[in-house]
Amino acid sequence: RINPNTGDKVSLLGYGMMRLPVVGGGAGRERPDADIDQELVNRQVDYALEHGVNLFDTSPAYCQGRSETATGIALARHNRNEFFISTKLSNFAPETWGLKESQEMFYNSLKYLQVDYLDYLLLHCCGLGAQALDGRQLNGMEAFHARFVDNKLIDWLSEQREAGKIRNLGFSYHGDVEVFNLLLRWHDEGKYHFDFVLIELNYLDWNFADEINPRNTDAVYLYNELHKRGIAALVMEPLLGGRLAN
């Protein structure tokens, strides 16, 4: 696929770095304390690149915080122009909602991934609720504002895009559809520009997302709202977490 913003030729399939193999076999989800099998990760990344996959998606939250480091080690063995890195501003814990703490997370992503810039940076899980430091349960809209707006983080990330540290700025969506609609309204008004959005899309979620999970929104709505604005869509859960392969 051609990224309409940059002209980049991005592979149809991306490589999710969320469930990496661990030493002794298996996946980290079943054995969260086991060390990542870096040698095997390197071989898998090499195989992916050799067979045309060039987009690698990670997050500071994946693999108990170790995914970015493992991804960086594997990709640093290749030329920077051979791959695209997607990572996220995963400031879920209320201790990280301050601007300084979130900025530190961003700079750590660059360090762990061993790169000078990010091809794709997402505001992670916009629409999900969260618990504040004082114990209050915030709904999706309140949590979104606390994580990205009240602290001026979204403005700072937009500045990083202008400075070339981020090539494409977007968000991933879960939960409250009003947050999704607000972000697109801001895009329409020119308040913020989003180059891409990550949505859950597969042949069940297209029309039945809200039946699978009442918190979810049908992908047919999400995708068409992006398409009519010319905003690139990235897809998560193409096999519904593997369940559609069973």
Side-chain angles (χ1 to χ4, degrees), residues 5-6 17-18 56-69 71-72 84-199 231-232 234 236:
N5 305 307
T6 62
M17 308 297 287
M18 184 176 178
F56 295 84
D57 179 76
T58 182
S59 156
Y62 293 170
C63 302
Q64 291 72 51
R66 296 174 293 178
S67 174
E68 286 186 324
T69 297
T71 302
F84 303 107
I85 287 181
S86 168
T87 194
K88 306 171 182 73
L89 208 302
S90 307
N91 59 345
F92 299 125
E95 295 84 1
T96 63
W97 291 355
L99 179 60
K100 181 180 177 182
E101 290 77 12
S102 292
Q103 289 172 332
E104 183 179 5
M105 182 175 290
F106 174 82
Y107 288 127
N108 281 338
S109 290
L110 292 174
K111 179 175 69 175
Y112 298 149
L113 290 164
Q114 303 185 45
V115 293
D116 297 324
Y117 64 90
L118 300 169
D119 299 288
Y120 296 87
L121 190 281
L122 301 100
L123 314 180
H124 198 178
C125 287
C126 295
L128 284 187
Q131 189 174 52
L133 275 174
D134 60 9
R136 288 181 302 122
Q137 187 61 41
L138 307 183
N139 63 32
M141 187 67 76
E142 292 168 337
F144 166 72
H145 276 84
R147 292 175 57 202
F148 298 114
V149 182
D150 298 342
N151 56 10
K152 307 294 184 184
L153 179 58
I154 190 171
D155 299 284
W156 185 80
L157 291 173
S158 297
E159 293 170 2
Q160 299 312 299
R161 177 176 52 193
E162 293 301 313
K165 292 292 185 181
I166 301 168
R167 296 183 66 225
N168 296 271
L169 180 62
F171 64 91
S172 64
Y173 162 72
H174 292 274
D176 186 356
V177 72
E178 291 307 314
V179 176
F180 178 87
N181 292 336
L182 173 66
L183 286 163
L184 293 195
R185 185 165 75 247
W186 283 350
H187 177 90
D188 294 341
E189 295 169 352
K191 184 173 182 178
Y192 298 106
H193 176 82
F194 297 105
D195 303 298
F196 72 106
V197 177
L198 180 66
I199 58 172
I231 299 175
L234 268 63
M236 59 176 143

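Positions are given from 1, in the same order as the sequence printed here. Nothing here was measured: the structure is a model prediction, and the numbers come from that model.
Annotation: D188, atom CG; neighbour count of heavy atoms from other residues, nucleotides and ligands within 6.0 Å is above 12.
Shown here for C126 and F148, the closest heavy-atom pair between the two residues is SG-CE1, 4.1 Å. Among all heavy-atom pairs drawn from A130 and Q137, the shortest one is O-NE2, 3.3 Å. Taking every heavy atom of both residues into account, M17 and C63 meet most closely at O-SG, 3.9 Å. Taking all atoms of both residues into account, the shortest heavy-atom contact from G140 to D176 is CA-CB, 4.4 Å. The shortest heavy-atom contact between A146 and L138 is CB-CD1, 4.2 Å. Residue T58 comes nearest to S67 through the heavy atom pair OG1-OG, 2.7 Å, listed as atom of the first residue, atom of the second, then distance.
No side-chain donor-acceptor contact under 3.5 Å links E189 to the backbone of W186. In terms of modelled atom types and a separation under 3.5 Å, the side chain of T69 and the main chain of R66 share no donor-acceptor contact. Side chain of N91 to backbone of W97: no donor-acceptor contact under 3.5 angstrom is found. Put simply, the side chain of E101 never gets that close to the backbone of E95: no donor and acceptor are under 3.5 Å apart. Between the side chain of K88 and the backbone N or O of L121 there is no donor-acceptor pair closer than 3.5 Å. A donor-acceptor contact shorter than 3.5 Å is absent between the side chain of T96 and the backbone of S102. Judged by distance alone, the side chain of S158 and the main-chain N or O of I154 form a donor-acceptor pair under 3.5 Å. With hydrogens and angles disregarded, no donor-acceptor distance shorter than 3.5 Å links the side chain of N139 to the backbone of G129.
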Evaluate side-chain contact (heavy atoms from CB on, under 4.5 Å) for I85 paired with Y117, printing each intermediate quantity in order.
CA-CA 9 Å; I85 287 181; Y117 64 90; over 6 Å; no

Test log, rule side-chain contact (heavy atoms from CB on, under 4.5 Å), inputs F56 and D119
CA-CA 10 Å; F56 295 84; D119 299 288; over 6 Å; no

As a quick check of understanding, evaluate side-chain contact (heavy atoms from CB on, under 4.5 Å) for R161 and H193, giving each step before the final call.
CA-CA 10 Å; R161 177 176 52 193; H193 176 82; 3.8 Å; yes

Applying side-chain contact (heavy atoms from CB on, under 4.5 Å), run through H187 and I231 and close with a yes or a no.
CA-CA 10 Å; H187 177 90; I231 299 175; 3.7 Å; yes

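Of the inter-residue distances, the one linking L99 atom CG with D150 atom CG reads 12.0 Å to the nearest 0.5 angstrom. Within the model, atoms CG of L123 and CZ of R147 stand 8.0 Å from one another, a figure rounded to the nearest 0.5 Å. Distance CG/D57 to OG/S172: 9.0 Å, rounded to 0.5 Å. Note that CG of L169 and CD of E162 are 10.0 Å apart. Values are rounded to the nearest 0.5 Å. Taking CG from L198 and OG from S86, the interatomic distance works out to 7.0 Å, rounded to the nearest 0.5 Å. Interatomic distance, CG of L122 versus CG of L234, reported as 7.5 Å (0.5 Å rounding).
A centroid separation of less than 6.0 Å is found between the aromatic rings of F92 and H124. In this structure, the ring of Y107 has its center less than 6.0 angstrom from the ring center of W156.
At a threshold of 4.5 Å between non-hydrogen side-chain atoms, the residues T6 and R167 count as touching. Looking only at side-chain heavy atoms (C-beta outward), Y192 and D155 come within less than 4.5 Å of each other. Side-chain contact between H145 and L182: present, with at least one pair of heavy atoms (C-beta onward) separated by less than 4.5 Å.
Side-chain polar atoms of D195 and Y120 form no donor-acceptor pair below 3.5 angstrom. Checking E68 against S59 by side-chain atom types alone, no donor-acceptor pair falls below 3.5 Å.
None of F144, F180, F196 except one satisfies the ring-ring contact (aromatic ring centres under 6.0 Å, His included) rule with Y173; the exception is F180.
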